[in-house]
Amino acid sequence: MSPNVQLSNRYNSNSFYSEFDLKKKIGEGSFSEVWLCVQRSNGREYAAKILKKNYGCTVDADTWDAVSEVNVSNSLGKHPFLLMLKSAYHEKENGKIILISELMKKSLYDIIENDECPLSEYRIKTYMYQMLEGLRYLHQNGFIHRDIKPENILLRSQDKILKIGDFGTTCHAINELQYLEYVATRWYRSPECLLTRGCYNSKMDIWAAGCVLYEIATGIPLFDGRDESDQIEKIDQVLGSPDQRLTKKFKKHKSDVFIERYEMNKRNERIAGVGLHLVYQPYRPAYELIKDMIVYDPSKRYSANRLLRKPYFHDIKNTEYEFKMKEFEKLLSNKPKVNLSKIDQKTNTKIPRQYSIIKKEGPGGDRIHNLETHSVNAETFDRLSADISNKTDQLKLDKNKSKLHKILSSKTNKKKSIIITEPENICHGIQKQNTRYICSKDNTKDNSLSKKMLMESVSTLSKGSEAKNVGNRFVSRPPFK
């Protein structure tokens, strides 16, 4: 897979400061600063994310892969509702890595802060459609964003087009793997993230998106806990405490919050909770969405794909948002595929591997996981299997025809019809020379031979390398952690 992000390296004389002018700082996080920059050659404005970490004088391929934003952009390519990188630079003088992306004028956080909420019902619908489409693509490709919040939901084109940004904490989903315990910003952190030591999956993004939905529909946060213990307390006050089955499940990988809440304080009594319908009444916009997103048990929480199939989104049909998705899906379907049937088995032709995300170490990251997936797809594999199987069947058929012919030839001088005893390796149904399918005891052996040939062929081909006032309520937003 060719990289989608243009990377600078020590062999490339182009540097960020030779191509761009920094204008002003427009944002800052725990691990980076975001600046408005202008490209000198054409005067276009971009966003430059300068990572605070010092990467030294040189950056190799493995280091680039360890930068989450670069790896996600290279793995997924462009999507209409995901903010991917345009290019990336390494400045060896100061050891900084600078990531260039499209400049988005504002975020949902700016809209909330400017007291524009609650938003209109249709505007909420278009935002949720775009957000869920972006999450669906991420999740289908095995990624978890892990920091969905208003600050990372970006807007452009007169606040119509939405894109999910900031993939600095994105990781690849691996079954039965414990991730970093504290990732998502506290107000948007799901119950499984609070009560376990990193045992979560892509449904944590759905919970966070539901919290964002509540915030743009009301102008206030849904669960604004002061700390982790207060956060889970506020969740229980609305949804009620988890049942015994779910509590037992969380206990297997219990966090400090779980221990403090259910073991140290001996709080075994269950809180009933007032119910989400009293906090966010059913007459409010997108209630049918939020009731399936803000669910305590992640296994019962809807996926992005399932949410998008709800009748709520019927109004999106034949709009520019659906058109963008159709164009994107058309591009995906037109991507070239490897045709293994045209590859000479006798040559040393190799198929390059596609590398999944390698998550960075340090704050907001996991242990390094080097995941490789071959570019051989199932369709091509099946085609190759069919070709080899057909050839094997044809050889068998020719062999059986030959034996049958010899038997018939030896009996030609006899006047009476002779019943020919069926040889062990001839099909019971052979009556004509054009009979194609062979069924016998030897057929099992031939099938194993076909499988062996198939596996050897695929094996040969697969050895390739490489504080503010919000809605008249004072809210102190928490830091990243």
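Numbers here simply count residues along the sequence, with the first being 1.
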Could you tell me whether Lys125 sits above the aromatic face of Phe313, with NZ or CZ closer than 6.0 angstrom to the six-membered ring centre and within 45 degrees of the axis?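 Output no; distance or angle outside limits.
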
Residues in salt bridge (Lys or Arg N to Asp or Glu O under 4.0 Å) with [X], at least two apart?
X: Lys249; value: none
X: Asp159; value: Lys106, Arg123
X: Lys105; value: Glu45

[X] [atom1]: over 12 foreign heavy atoms closer than 6.0 Å:
X: Lys160; atom1: NZ; result: no
X: Phe323; atom1: CZ; result: no
X: Lys52; atom1: NZ; result: yes
X: Gln158; atom1: CD; result: no
X: Gln244; atom1: CD; result: no

Taking atom types as modelled, is there a side-chain donor on [X] or [Y] under 3.5 Å from an acceptor on the other?
X: Glu151; Y: Ser107; answer: no
X: Tyr321; Y: Glu133; answer: no
X: Ser68; Y: Asn71; answer: no
X: Ser75; Y: Asn141; answer: no
X: Asp147; Y: Tyr188; answer: no

If we only count heavy atoms from C-beta on, is the [X] to [Y] side-chain gap below 4.5 Å?
X: Arg156; Y: Glu102; value: yes
X: Arg197; Y: Lys254; value: no
X: Met131; Y: Tyr129; value: no

Heavy-atom donor-acceptor pair, [X] side chain to [Y] backbone, under 3.5 Å:
X: Asp205; Y: Arg146; value: yes
X: Gln130; Y: Thr126; value: yes
X: His145; Y: Asp166; value: yes
X: Arg186; Y: Gly225; value: yes

Carboxylate-amine/guanidinium contact Asp292 Arg301, below 4.0 Å: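 Between Arg301 and Asp292 there is no salt bridge, as every charged N stays at least 4.0 Å from the carboxylate O atoms.
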
Check the pair Glu69, Lys49 against salt bridge (Lys or Arg N to Asp or Glu O under 4.0 Å), reporting the backbone distance first and the verdict last. CA-CA 10 Å; Glu69 294 93 333; Lys49 183 176 183 178; 2.6 Å; yes

For Asp297, what residues pass the side-chain hydrogen bond (donor to acceptor under 3.5 Å, both in side chains) criterion, not counting sequence neighbours?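 side-chain hydrogen bond (donor to acceptor under 3.5 Å, both in side chains) check on Asp297 returns Arg245, Ser299.
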
Gln140: side-chain hydrogen bond (donor to acceptor under 3.5 Å, both in side chains) partners, not counting sequence neighbours: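 side-chain hydrogen bond (donor to acceptor under 3.5 Å, both in side chains) list for Gln140, sorted by chain: empty.
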
Which residues share a ring-ring contact (aromatic ring centres under 6.0 Å, His included) with Phe328, sequence neighbours left out: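 Phe328: ring-ring contact (aromatic ring centres under 6.0 Å, His included) contacts with His79, Tyr137.
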
Do the ring planes of Tyr287 and Tyr280 sit parallel (below 30°), tilted (30 to 60°) or perpendicular (above 60°)?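 Aromatic pair Tyr287/Tyr280 classed parallel.
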
Does the ring center of Phe223 lie less than 6.0 Å from the ring center of Trp207?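 Yes.
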
